[in-house]
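Reckoned from all heavy atoms, side chains included, excluding hydrogens, waters and symmetry mates. Naming convention: chains lettered A, B, ... in sequence-line order (proteins, then strands); numbering from 1 in each chain.
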Protein chains: 2
Amino acid sequence: MAAWRAYLSASHLLERRVEEQLKAESGLTHAQYEILARLSDAPDRRLRMTELARGVVVSKSGLTYQIGQLEKRGLVERATCPSDDRGVLAVLTDRGVECLRRTAPGHVAVVREVLIDLLTPDELEMMTRVMSKVEAVTRASASPLP
Amino acid sequence: MAAWRAYLSASHLLERRVEEQLKAESGLTHAQYEILARLSDAPDRRLRMTELARGVVVSKSGLTYQIGQLEKRGLVERATCPSDDRGVLAVLTDRGVECLRRTAPGHVAVVREVLIDLLTPDELEMMTRVMSKVEAVTRASASPLP
DNA sequence: TGGGTGTCGTTCAAATTCGAACCACTGGAG
DNA sequence: CTCCAGTGGTTCGAATTTGAACGACACCCA
């Protein structure tokens with residue numbers, strides 16, 4: 001269980017560190033940054049709400065709330081889904097792209113500082129492999145999405 | 001950044017899975033479980049509030065709240081610190097020990113299932129080493145404790 | 001065509017978390 | 001001895017997250 005304890009402490013500390021940096025530099029929450037980043041990588045910079053919720057691993061209601069916050073700031077817009085009247089598309093606006101472009105470097109720098117740069121290439125490769133496996137197993141075993 | 005994205009998804013999923021299991025089996029939050037576990041390992045099953053907050057990586061006010069919850073359930077008591085009148089000791093009660101003893105097996109089983117058992121011995125060793133390093137660097141660089 | 005089942009997103013109340021402000025006490029300088 | 005910066009915990013208000021309940025729509029099978 002030593003591995004688990006070390007992992008727990010490290011993950012909590014990482015989260016706090018990243019959160020602190022993002023909030024100070026851009027006023028974004030880490031959750032909000034993840035949402036913007038996911039949208040930025042998506043085709044047409046838009047995603048269905050449920051799909052986005054799966055991606056950032058947050059509850060549906062949690063995503064509704066955060067999209068609301070981002071909408072207030074004009075970083076994201078909602079669009080109705082053409083193929084499904086129930087669906088809602090979250091769309092990254094130009095302001096959202098701009099905000100992400102401004103914020104990303106500082107964020108990436110912190111992530112490198114407290115994680116990536118501490119690992120050898122081997123360790124980094126292993127880390128990625130292990131975490132992907134954990135992700136796969138966990139997604140398969142637990143409730144797909146409440 | 002692939003490593004970072006994999007890590008993020010995995011850590012969120014792990015947290016949700018562990019939380020779900022603990023809440024279902026014992027009605028404890030993961031944060032509460034960590035508190036009980038830390039206290040259980042401490043000499044005389046007691047720790048200063050600040051020291052405990054550092055250990056579980058939570059804000060001072062967050063710990064105050066959770067200790068209050070655990071006190072309501074009779075799993076923890078507060079005691080005044082003999083050497084410092086300002087200090088407060090969180091003490092694990094016999095009921096707390098009992099609760100932990102009852103809860104631990106299921107918790108450990110899940111942790112093994114979704115993390116430990118997925119790794120080879122080499123990977124486990126590397127994981128521990130890496131996470132310890134991250135912990136050390138992060139503790140050194142950020143605000144020691146707001 | 002007509003239901004019935006299931007999915008999509010939102011709303012709601014409750015729980016948890018954080019940071020800032022605050023009081024009580026300690027420990028050392030003068 | 002006295003003052004004063006610093007530490008330890010709590011309180012307070014604000015923000016975020018979750019699960020359950022809900023209304024709207026889609027898809028399938030008779």
Side-chain angles (χ1 to χ4, degrees), chain A residues 11-13 15-24 27-35 46-54 56-73 76-91 142-146, chain B residues 12-13 15-24 27-35 46-73 76-91 142-146:
Chain A
S11 69
H12 288 161
L13 287 162
E15 182 59 31
R16 288 171 78 87
R17 185 85 171 75
V18 167
E19 193 83 34
E20 176 189 27
Q21 188 276 331
L22 275 176
K23 204 122 36 177
L28 285 176
T29 298
H30 189 196
Q32 294 172 346
Y33 181 91
E34 283 191 64
I35 290 172
R46 67 192 59 209
L47 282 173
R48 288 288 291 268
M49 294 291 279
T50 298
E51 196 176 353
L52 184 50
R54 272 180 195 283
V56 299
V57 188
V58 75
S59 66
K60 291 186 298 175
S61 46
L63 182 61
T64 294
Y65 173 77
Q66 286 297 2
I67 292 292
Q69 297 297 308
L70 292 169
E71 225 174 0
K72 281 186 195 166
R73 299 197 187 192
V76 162
E77 284 176 351
R78 282 178 218 247
T80 58
C81 179
S83 65
D84 189 338
D85 280 354
R86 296 169 299 180
V88 173
L89 290 167
V91 185
S143 46
L145 194 65
Chain B
H12 289 162
L13 287 163
E15 182 60 31
R16 287 172 78 88
R17 186 83 169 77
V18 167
E19 191 83 34
E20 176 189 28
Q21 189 276 330
L22 275 176
K23 204 122 35 179
L28 285 175
T29 298
H30 189 197
Q32 294 173 345
Y33 182 91
E34 282 192 65
I35 290 172
R46 67 192 59 207
L47 283 173
R48 288 288 291 267
M49 293 292 279
T50 297
E51 195 175 353
L52 184 51
R54 272 183 196 282
V56 298
V57 189
V58 76
S59 66
K60 291 186 300 176
S61 47
L63 182 62
T64 295
Y65 173 78
Q66 285 299 0
I67 292 292
Q69 296 299 308
L70 292 170
E71 225 175 357
K72 282 186 194 166
R73 299 198 188 191
V76 163
E77 283 175 353
R78 282 177 217 250
T80 58
C81 178
S83 65
D84 188 338
D85 280 355
R86 295 169 299 181
V88 172
L89 290 167
V91 186
S143 46
L145 194 66

d(CG, B/L52; P, D/dT7) in whole Å: 20 Å
Between the CD atom in A/E77 and the CD1 atom in A/I67, the distance rounded to the nearest 0.5 Å is 11.5 Å
Starting from C1' on C/dC25, measure out to CE on B/M49 and report it in whole angstrom. 17 Å
Check for a donor-acceptor pair, side chain of B/Q32 on one end and backbone N or O of B/T29 on the other, with a separation under 3.5 Å. yes
Between A/Q66 and A/A31, the two heavy atoms sitting closest are NE2-CB, 4.3 Å
B/A31 side-chain proximity, nearest of D/dG9, C/dT10, C/dT17: C/dT17
On a heavy-atom basis, the closest approach of B/C81 and B/L89 is CA-CD1, 4.1 Å
Please evaluate residues A/K23 and A/E19 with respect to the criterion salt bridge (Lys or Arg N to Asp or Glu O under 4.0 Å), reporting the C-alpha separation (whole Å), side-chain torsions for both, the decisive distance (0.1 Å), and the verdict. CA-CA 6 Å; A/K23 204 122 36 177; A/E19 193 83 34; 3.4 Å; yes
Which nucleotide sits closest to the side chain of A/T29: C/dT16, C/dG6, D/dT16? D/dT16
From CG of B/D84 over to P of D/dG6, roughly how many Å is that when rounded to an integer? 17 Å
Does C/dG9 have OP1 or OP2 sitting under 4.0 Å from an N or O in the side chain of A/R48? yes
Here the pair of heavy atoms bringing A/R48 nearest to A/D84 is NH2-OD2, 3.8 Å
Proximity to the side chain of A/R78 - top-ranked nucleotide from D/dG8, C/dG9, D/dT18: C/dG9
To the nearest angstrom, how far is B/E34 atom CD from C/dT16 atom C1'? 14 Å
Under 3.5 Å, is there any donor-acceptor pair linking the side chain of A/R86 to the base of C/dT7? yes
Could you check whether any side-chain heavy atom of B/L52 comes within less than 4.5 Å of a side-chain heavy atom of B/L63, counting everything from C-beta outward? yes
To the nearest angstrom, how far is B/E19 atom CD from C/dT16 atom P? 9 Å
Residues of residues 62-71 of chain B with any non-hydrogen atom less than 4.0 angstrom from an atom of DNA chain D: list those, numerically ordered, please. B/T64
When rounded to whole Å, the CZ to P distance for the pair B/R54 and D/dT7 reads 10 Å
State which of C/dG19, C/dT10, D/dG19 makes the closest approach to the side chain of A/S61. D/dG19
When rounded to whole Å, the NZ to C1' distance for the pair A/K23 and C/dT17 reads 10 Å
Starting from C1' on D/dG19, measure out to NZ on A/K60 and report it in whole angstrom. 10 Å
State which of C/dG19, D/dT10, C/dC8 makes the closest approach to the side chain of B/S59. C/dG19
